[in-house]
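Everything numeric here is computed off the predicted structure, so don't read it as measured data. Any value given below was found using the heavy atoms of this structure, including those in side chains, with hydrogens, waters and symmetry copies removed.
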Amino acid sequence: MVGVETKLEVPPNPSLGHLALPLFSLGTTIPALPSPFGLIAKVAQQRNYLNFKADIPKLASVLFAQVREKGINYCSLLTDGKRVIIEHTSANPLHPMHIGHARNAFLGDSLARLMRARGHNVSTHFYVDDMGLQVMIATIGFKRSPKKPDRVKPDHWIGFVYAVSNIMYELAELKPKLAEGNPEYADLIKKRDELAGYAESLREKFPDEFDQITSALSGMSLEEWNQEIAAMIKGMESGDPSVTNPVRDLVNLALDGFKQTLGEAGIQFDQWDWESEQASGDEMKALLSALSSSPFRIDYKGVVALDCESIAKQPEVAKKILPETKLQKEIPPMVLTRADGSTLYQTRDVLYSLRKLAAADEVYNVIGAEQTLAQLQVKLALFALNHPKAAHLHHVPYELVRLPGRRMAGRYGSYVTLDEVMSLAITMASNEVRKRNPDMEEAALLEAAKAIGIGAVKYALISVNAQKVVEFEIERALNFDENSAPFLQYAAVRSRNVLSVAERRGINKPTSPDFSRLTDPDEEKLVLLCSRLPDTAAYAADSLHVEALASHLMDIANAFNSYYTRVPILAAGDDETVQARLALAEAVSMAITSGLSLLGIDVPKKM
């Protein structure tokens, strides 16, 4: 068996065993089966598997001791710690965060929590896009807009200013094309009418402010728009305060709103990195020089680019990025600069990646799946530079979130904000908790409703494999009866409440229970599920599959609810059984609470 690698598996049928060792690489028979040892009560061979059955009383004793010792950190399973940077959320500072941004934020935050539970030194970063075309358009309108009304949240105000400014820009684009001889005339009229509809919706929100912005922008021709945009982009690269200051003012207002929203969801960042700080300077000059002198440099449509396809075909590169290239039929060149020499988003992203890798052993970028090609090109640029950590830059892709019956368009001010979704979820949770607990004090009700409502939104977005589209329905997310955060929270509260009831009845808290009293099949199932939970949390961190932990927690909750409705705990008939079942309830409550904490979900005191 020396030199042979194999992994233990969980058999599909518990009657065969609780763990199984595949024998395919070890030979089909084991001449002498090992005797029971440690936590193993029985060993048996079944065809090509060596099956192990746990000693449930011994395992329950270890579980109980671990729960008591580690508490909320029960799911923590430490490994050799690394320096890890996780960049996530990084929403454009042009409008409020919406439900799509929420999936990124909740996924990234969960990964950070999971990796910290593995012992890694994790730093979370938000990459601030203050260089793009849309930021320039928004700033042009922002400089001509009135002061933000006091009643309006900062990012909501920026979203309004940006949408109005963008509509005015697109109307300026349409104007020279609206000649009746244009074969696309009918489509252009349709587009103009669509913009007018969006504009009317925006005017209904803030009529006076809308009129002031549109009046200031209505006289600008497309040429004037583009001249000001080009001058601003150059000014951002050169650090001209007349450009950088108003852009920073706009972006900082948006970020103030983001911080409020994320803070409500329990998410904070260790560092905020600005794209404009990657755009120029000696490091960027050195990077452009190194990439331009690379053997993979090519001329592409009149500009300097990298031949990414050739980089990916290098044998030492191909084997390191195979999973990332197998879905790409062809990798197009990566352009390094515009014709005027100004840098592009991807070039700035290469420098940003170099800076992150200098501060970390592993870097994870939680970025939408639509950016998979761009992320691959950045990584290939690092390989072209022969960077020793190129393979340690990881893209964590995620798919879209769909709201049935809603079409979102941020540039026109049409979106469902995360603020709205969380507020509605908290209200719905409050109504449900009040229905169940009519005498609950207002402060306790609000605390519970916030934990339940925000937890419901989080779980709905991260319990699905990140590479699958989520169909978000708030009613389903807040279903207290199945497959939701409230369902998990209720199982944790219910199991914890058993201990409270026992205390009120004068029943002693378990100290050294006799776990041989746990003979019910559901008790065995719960002991096994709770014991395996730290391993699942470790797997979720190492494999980047957050949904694995969510699924395991749901298995525990389902098993406990089945057990609770069928098996008496406090009326078990004898003190020893009561003590053993109370200890199991305590383990279940803490296991679920610990697991949920790694998903950023709190468990309320009462539901």
Side-chain angles (χ1 to χ4, degrees), residues 85-87 90 125 127 129 131-133 233 237 273 275 277-399 466-467 544:
I85 286 177
I86 299 178
E87 182 213 323
S90 302
H125 290 225
Y127 190 42
D129 176 6
M131 286 287 293
L133 168 65
I233 291 174
E237 292 210 353
D273 302 321
E275 184 185 350
E277 294 176 356
Q278 327 296 325
S280 58
D282 292 341
E283 282 184 273
M284 176 54 76
K285 289 177 184 176
L287 172 62
L288 288 173
S289 174
L291 291 173
S292 297
S293 60
S294 162
F296 302 103
R297 175 200 186 277
I298 59 172
D299 292 320
Y300 178 72
K301 297 183 179 180
V303 292
V304 177
L306 280 181
D307 184 355
C308 291
E309 184 72 17
S310 294
I311 301 171
K313 287 180 178 177
Q314 299 298 303
E316 67 277 13
V317 175
K319 63 184 178 183
K320 293 179 181 178
I321 62 170
L322 180 61
E324 298 165 73
T325 56
K326 64 182 180 182
L327 298 178
Q328 302 289 340
K329 293 182 180 179
E330 184 177 351
I331 308 171
M334 177 182 143
V335 176
L336 300 181
T337 62
R338 298 184 180 90
D340 63 2
S342 59
T343 58
L344 294 166
Y345 179 88
Q346 277 184 283
T347 320
R348 297 190 286 270
D349 206 6
V350 174
L351 179 56
Y352 183 43
S353 298
L354 289 171
R355 288 173 170 174
K356 287 187 289 186
L357 286 167
D361 302 309
E362 306 289 341
V363 173
Y364 298 90
N365 297 331
V366 183
I367 297 176
E370 72 278 3
Q371 293 293 319
T372 296
L373 176 58
Q375 286 289 298
L376 175 59
Q377 289 175 316
V378 169
K379 191 167 187 172
L380 290 171
L382 297 178
F383 277 110
L385 294 169
N386 293 315
H387 194 281
K389 292 184 184 177
H392 298 260
L393 179 70
H394 312 280
H395 177 208
V396 184
Y398 67 95
E399 275 294 347
Q467 297 192 51
L544 311 178

Next on the checklist: Under a 4.0 Å threshold between the charged nitrogen and the carboxylate oxygen, would Lys320 count as salt-bridged to Glu316?
Outcome noted: no
Next on the checklist: Whether Arg297 and Asp299 form a salt bridge (side-chain N of Lys/Arg under 4.0 Å from carboxylate O of Asp/Glu) is what I want to check.
Outcome noted: yes
Can you give me the closest heavy-atom contact between [X] and [Y], atom names plus distance?
X      : Y      : result
Leu376 : Ile321 : CD1-CD1, 4.3 Å
Met131 : Ala279 : CE-CB, 3.8 Å
Leu393 : Ser353 : CD2-OG, 3.9 Å
Cys308 : Pro332 : CB-O, 3.6 Å
Pro333 : Ala305 : CB-CB, 4.0 Å
Val363 : Ala360 : CG2-CB, 4.1 Å

Starting at [atom1] of [X], measure out to [atom2] of [Y] and round the result to the nearest 0.5 Å.
X      : Y      : atom1 : atom2 : answer
Gln278 : Asp273 : CD    : CG    : 6.5 Å
Met334 : Asp349 : CE    : CG    : 8.0 Å
Phe296 : Glu309 : CZ    : CD    : 12.0 Å
His125 : Arg355 : NE2   : CZ    : 12.5 Å
Glu362 : Leu357 : CD    : CG    : 9.0 Å

Checklist entry - Would you say Thr337 and Val303 make side-chain contact, with heavy atoms under 4.5 Å? => result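 Contact flag for Thr337/Val303 side chains = no.
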Checklist entry - Quick one: does Leu306's side chain get under 4.5 Å of Gln377's, heavy atoms only? => result no
Item to check | side-chain contact (heavy atoms from CB on, under 4.5 Å) between Arg338 and Leu344, worked out | outcome: CA-CA 7 Å; Arg338 298 184 180 90; Leu344 294 166; 3.6 Å; yes
[X] side-chain N/O to [Y] backbone N/O, donor-acceptor pair under 3.5 Å:
X      : Y      : answer
Glu399 : Gln467 : no
Ser292 : Ser289 : no
Glu283 : Leu351 : no
Glu275 : Arg348 : no

Next on the checklist: If you apply the rule side-chain contact (heavy atoms from CB on, under 4.5 Å), what do you find for Leu287 with Leu385, and how did you get there?
Outcome noted: CA-CA 9 Å; Leu287 172 62; Leu385 294 169; 3.7 Å; yes
Next on the checklist: Could you walk me through whether Thr343 and Leu288 satisfy the side-chain contact (heavy atoms from CB on, under 4.5 Å) test, starting with their C-alpha distance in whole Å, then the side-chain angles of each, then the deciding distance to 0.1 Å, before giving a yes or no?
Outcome noted: CA-CA 9 Å; Thr343 58; Leu288 288 173; 4.3 Å; yes
Checklist entry - Do other residues, nucleotides or ligands put more than 12 heavy atoms under 6.0 Å from Asp340 CG? => result yes
Next on the checklist: So if I apply the side chain to side chain donor-acceptor pair (under 3.5 Å) rule between Asn365 and each of Gln375, Lys379, His394, His395, which one comes out positive?
Outcome noted: Gln375
